[in-house]
Amino acid sequence: MSKKKMTSFNLDHIVESYKNDFPFYQVLDKSGKLTNPDLEPNLSDEELKELMRRLVWGRAYDARVTLLNRQGALGNYAPSGGQEASQIATQYALGEGDFFAGTYRDLVPLIFHGLPLEKAFLWYKGHMKGNEYPEDLNAFVPQVIVGGHITHAMGVALGMKKRNKQNIVLSLNGDGATSQGDFYEGINFAGVYNVPYVIVIQNNRYGISVPLEEQTKAETLAQKAVAAGIPGIQVDGMDPLAMYAAVSTARQHALAGNGPVVIEALTYRFGPHTMSDDPTRYRREQELAEWEEKDPLIRMRNYLTEKGLWSEEEEEEVIEKCKQEIKEAVTAIGKVEKQKVSDFLKNMYDVSPQNVREQIALYEEKEMSQND
């Protein structure tokens with residue numbers, strides 16, 4: 001097929017056209033009304049309620065863990081309030097045996113993927129047992145290095161393809177990850193080898209304190225998939241049903257042998273980047289208020305209430321259940337043996353070299369004398 005010959009160089013138009021090439025997908029508006037019934041996922045009433053329970057649990061978890069951090073009971077915490085749709089509804093679309101790779105902000109979907117709550121809290125405290133996962137848990141530990149898990153997740157997807165497994169890998173990433181070399185290398189390799197990999201970019205508009213417009217000149221983050229020759233779409237990341245539908249569709253696309261998909265979820269974190277961050281230094285209160293009106297819980301609450309599927313009593317029951325589970329997990333981690341330097345050294349090598357063996361013996365002697 002011959003290409004149309006251009007008679008002039010219209011470089012500015014090319015850039016201006018990018019955003020229009022990536023349509024915005026939404027199912028529920030900010031009030032919970034259907035905007036696109038054709039995209040409404042085919043979920044039963046019980047499945048819709050379960051999704052809502054998870055969203056509410058995630059918001060309650062975020063509030064409670066934030067409080068525990070302020071009390072000094074846990075290490076530094078990256079709040080996730082506001083991003084429940086792009087995290088929890090996304091994970092909810094996975095099938096049994098699918099692999100999950102998330103960031104330090106994605107503990108809630110990791111918990112729903114099968115991580116014991118006690119392990120999550122040990123991870124916050126920097127305890128090595130927080131990284132010891134059950135063999136049947138198909139997930140990486142939360143990645144702290146921005147974009148550091150993208151190539152690793154792609155490798156897992158390649159392994160699934162080679163073993164003819166009917167599963168995919170899902171990675172959750174922040175917008176900052178798309179400015180890292182790992183992102184481009186990961187999606188390029190995934191495209192070349194046509195692996196079953198779904199990459200969700202949680203575009204919450206800030207890479208820590210750096211606003212998106214100072215991070216990239218791209219009109220969208222979805223368009224970055226084009227260079228790798230794979231599909232890239234934009235989705236309302238505050239809309240649980242849209243995120244579920246998008247990931248479900250991408251999953252089927254990947255399972256059919258069509259390769260990876262990049263999904264840009266337009267979302268927002270209501271809290272700070274981490275509990276050591278002060279967001280008032282770089283974003284306006286009006287901006288926060290505008291995004292709070294798009295709250296994913298408000299949308300789902302209104303949507304389900306109109307269907308007669310949700311009540312205030314059910315919501316309160318989920319919140320109280322979350323508080324109790326967190327209380328039990330905090331009690332449990334208090335009984336875990338404290339870490340020792342000798343244990344850190346023992347974990348460095350499968351077979352320790354002489355100098356490390358000497359250090360192990362030295363610290364074991366010190367630790368034994370401290371216990372006497």
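The salt bridge (charged side-chain N to carboxylate O under 4.0 Å, His left out) analysis of residues 284-306, with sequence neighbours excluded, yields the pairs K30-E293, K33-E306, R59-D295, D236-R299, R301-E315. Within the structure, ring-ring contact (aromatic ring centres under 6.0 Å, His included) contacts touching residues 248-290 (residues at least two apart or in different chains) are Y104-H273, Y206-Y282, Y268-W291. Here salt bridge (charged side-chain N to carboxylate O under 4.0 Å, His left out) pairs that include residues 137-163, with residues two or more places apart or in two chains, number zero. Pairs of residues two or more places apart, or lying in two chains, that qualify as salt bridge (charged side-chain N to carboxylate O under 4.0 Å, His left out) and include a residue from residues 108-131 are K129-E132. Sequence neighbours left out, the pairs with a member in residues 327-339 that pass salt bridge (charged side-chain N to carboxylate O under 4.0 Å, His left out) are E337-K340. Residue pairs meeting the ring-ring contact (aromatic ring centres under 6.0 Å, His included) criterion with at least one member in residues 62-83, sequence neighbours excluded: Y77-Y124. Here ring-ring contact (aromatic ring centres under 6.0 Å, His included) pairs that include residues 224-252, with residues two or more places apart or in two chains, are Y92-Y244.
Scored by the side-chain hydrogen bond (donor to acceptor under 3.5 Å, both in side chains) test, T35 finds Q26 as partners (sequence neighbours excluded). Under the side-chain hydrogen bond (donor to acceptor under 3.5 Å, both in side chains) criterion, N167 pairs with D98, not counting sequence neighbours. Partners of Q83 under the side-chain hydrogen bond (donor to acceptor under 3.5 Å, both in side chains) rule, at least two apart in sequence or in another chain, are Q202, N204. For D106, there are no salt bridge (charged side-chain N to carboxylate O under 4.0 Å, His left out) partners, not counting sequence neighbours.
E325 has a carboxylate O that lies under 4.0 Å from a charged side-chain N of K321, or vice versa, which qualifies the two as a salt bridge.
Within the 3.5 Å criterion, the main-chain N or O of S311 finds a donor-acceptor partner in the side chain of E314. Checked by atom type and distance alone, the side chain of Q143 never pairs as donor or acceptor with a backbone atom of A101 at under 3.5 Å.
Between Q166 and L255, the shortest heavy-atom distance links the atoms C-CD2, 3.5 Å. T267 and G82 make their closest contact through OG1-O, 3.6 Å (heavy atoms, listed as atom of the first residue, atom of the second, distance). Summarising the geometry of P109 relative to L172, their closest heavy-atom pair is CG-CD1, 4.1 Å, with the distance given to 0.1 Å. Smallest separation of non-hydrogen atoms from D182 and T151: O-CG2, 3.6 Å. Shortest non-hydrogen contact noted between L221 and T216 is CD2-CG2, 4.0 Å. The two residues N302 and G32 make their nearest non-hydrogen contact at CB-CA, 4.4 Å.
Looking at heavy atoms from C-beta onward, M275 lies in side-chain contact with T66 at the 4.5 angstrom threshold.
Under the salt bridge (charged side-chain N to carboxylate O under 4.0 Å, His left out) test applied with R53, the options E46, E47, E316, E84 reduce to a single match, E46. With F140 as the partner, the ring-ring contact (aromatic ring centres under 6.0 Å, His included) test is satisfied by one option alone out of Y133, W123, F99: F99.
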Give the table of side-chain donor-acceptor pairs shorter than 3.5 Å for residues 187-198, with sequence neighbours excluded, one pair per line with atom names and distance.
| residue | atom | partner | partner atom | Å |
| --- | --- | --- | --- | --- |
| N194 | ND2 | G257 | O | 2.7 |
| Y197 | OH | I150 | O | 3.3 |
| Y197 | OH | S171 | OG | 2.8 |

